[in-house]
Amino acid sequence: GGTLLVETVGGVTQFTPEIEKQLGAALKLKAVPLVETPDSPILTGQGINGFDCSKVNYRRYAVLNMNGDLHQPGLSAFFVNKRPAILFSQDDLTEGVVGVNHWGIMGYDVPSARNLMGNIILYANQQTLAPAPAAK
């Protein structure tokens, strides 16, 4: 069990893609974008009493420097037993969660970062509190 979040704090280096590549090779897993699993509680908030994060907002700096959908969450995951066990975010979450509003951060705006992180924590907590399967 357990859930791991790998994030590029500030969103400006290649930390997350490099770790994703190395872990993927070691574990023989491929990351799947969470938007490809639209019923994910991390995105919908359903089943975990969370927030609807199917659409998010990015910081102004990120919007000016991004390509693609500017309201789609950029989380991906390695799935183990059909659950996202290792989550990856190239886009900054941490600076948004603590409310840092500096220019030059590639990531989510403060409300979106807090809602996404809240869902990640609620989901991980739900997985931790689930009863262990009975031994046979």
Side-chain angles (χ1 to χ4, degrees):
T3 304
L4 174 68
L5 172 63
V6 178
E7 170 205 6
T8 301
V9 176
V12 294
T13 69
Q14 292 301 306
F15 176 76
T16 297
E18 285 300 317
I19 295 296
E20 183 180 318
K21 185 169 46 172
Q22 291 174 25
L23 284 174
L27 301 172
K28 296 181 179 24
L29 293 172
K30 182 174 171 40
V32 175
L34 285 188
V35 296
E36 291 181 12
T37 59
D39 59 341
S40 169
I42 294 170
L43 297 185
T44 67
Q46 295 178 356
I48 59 171
N49 203 24
F51 305 94
D52 180 1
C53 295
S54 56
K55 295 289 181 195
V56 294
N57 292 310
Y58 286 86
R59 294 167 178 271
R60 190 170 306 154
Y61 178 83
V63 169
L64 293 172
N65 290 285
M66 286 177 65
N67 297 317
D69 190 334
L70 300 177
H71 294 288
Q72 188 174 56
L75 298 171
S76 60
F78 288 161
F79 282 78
V80 177
N81 297 326
K82 297 184 180 181
R83 73 172 191 85
I86 303 176
L87 297 161
F88 298 96
S89 179
Q90 171 61 33
D91 304 313
D92 175 82
L93 285 161
T94 300
E95 306 256 6
V97 168
V98 299
V100 173
N101 282 315
H102 296 296
W103 188 254
I105 296 172
M106 290 291 293
Y108 303 98
D109 71 358
V110 171
S112 293
R114 289 178 176 169
N115 289 347
L116 277 168
M117 189 66 84
N119 282 3
I120 290 167
I121 292 167
L122 288 168
Y123 178 80
N125 189 49
Q126 179 186 46
Q127 299 305 305
T128 303
L129 296 176
K136 294 186 179 188

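This is a predicted model, so every value here is computed, not measured.
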query: Residues two or more places apart in sequence or in another chain: which of them pass salt bridge (charged side-chain N to carboxylate O under 4.0 Å, His left out) with K21?
result: E18
- prompt: Which residue pairs pass the ring-ring contact (aromatic ring centres under 6.0 Å, His included) test with at least one member in residues 3-37, sequence neighbours excluded?
  reply: none
Can you give the donor-acceptor pairs under 3.5 Å from side chains of residues 24-43 to other protein atoms, not counting sequence neighbours?
| residue | atom | partner | partner atom | Å |
| --- | --- | --- | --- | --- |
| T37 | OG1 | L34 | O | 2.8 |
| S40 | OG | I42 | N | 3.2 |

query: Linking Ile, Leu, Val, Met, Phe, Trp and Tyr by side-chain heavy atoms under 4.5 Å, what else ends up with V9?
result: none
statement: Residue pairs meeting side-chain hydrogen bond (donor to acceptor under 3.5 Å, both in side chains), one or both in residues 41-50, sequence neighbours left out, come to none
message: Enumerate the side-chain hydrogen bond (donor to acceptor under 3.5 Å, both in side chains) contacts for residues 95-112, please, sequence neighbours excluded, ordered by first and then second residue.
response: D109-S112
Trace of the side chain to side chain contact (heavy atoms under 4.5 Å, CB included) decision for V56 with Q72: CA-CA 6 Å; V56 294; Q72 188 174 56; over 6 Å; no
message: Apply the hydrophobic cluster definition, ILVMFWY joined by side-chain contacts under 4.5 Å directly or through others, and give me every member besides I105.
response: V98, V100
message: Test of understanding: with ring-ring contact (aromatic ring centres under 6.0 Å, His included), list the residues that count as partners of F78, not counting sequence neighbours.
response: F88
field: D92 (side chain) donor-acceptor with G96 (main chain) under 3.5 angstrom
entry: yes
message: Listing request: all salt bridge (charged side-chain N to carboxylate O under 4.0 Å, His left out) pairs with a residue in residues 40-66, at least two apart in sequence or in separate chains.
response: none
field: Counterpart residues, side chain to side chain donor-acceptor pair (under 3.5 Å), relative to Q90 (two or more places apart)
entry: T8
- request: Check which hydrophobic residues are tied to F51 through side-chain heavy-atom contacts below 4.5 Å, counting indirect links as well, and list them.
  value: none
task: Would you confirm whether N125, through its side chain, and I121, through its main-chain N or O, come within 3.5 Å as a donor-acceptor pair?
output: no
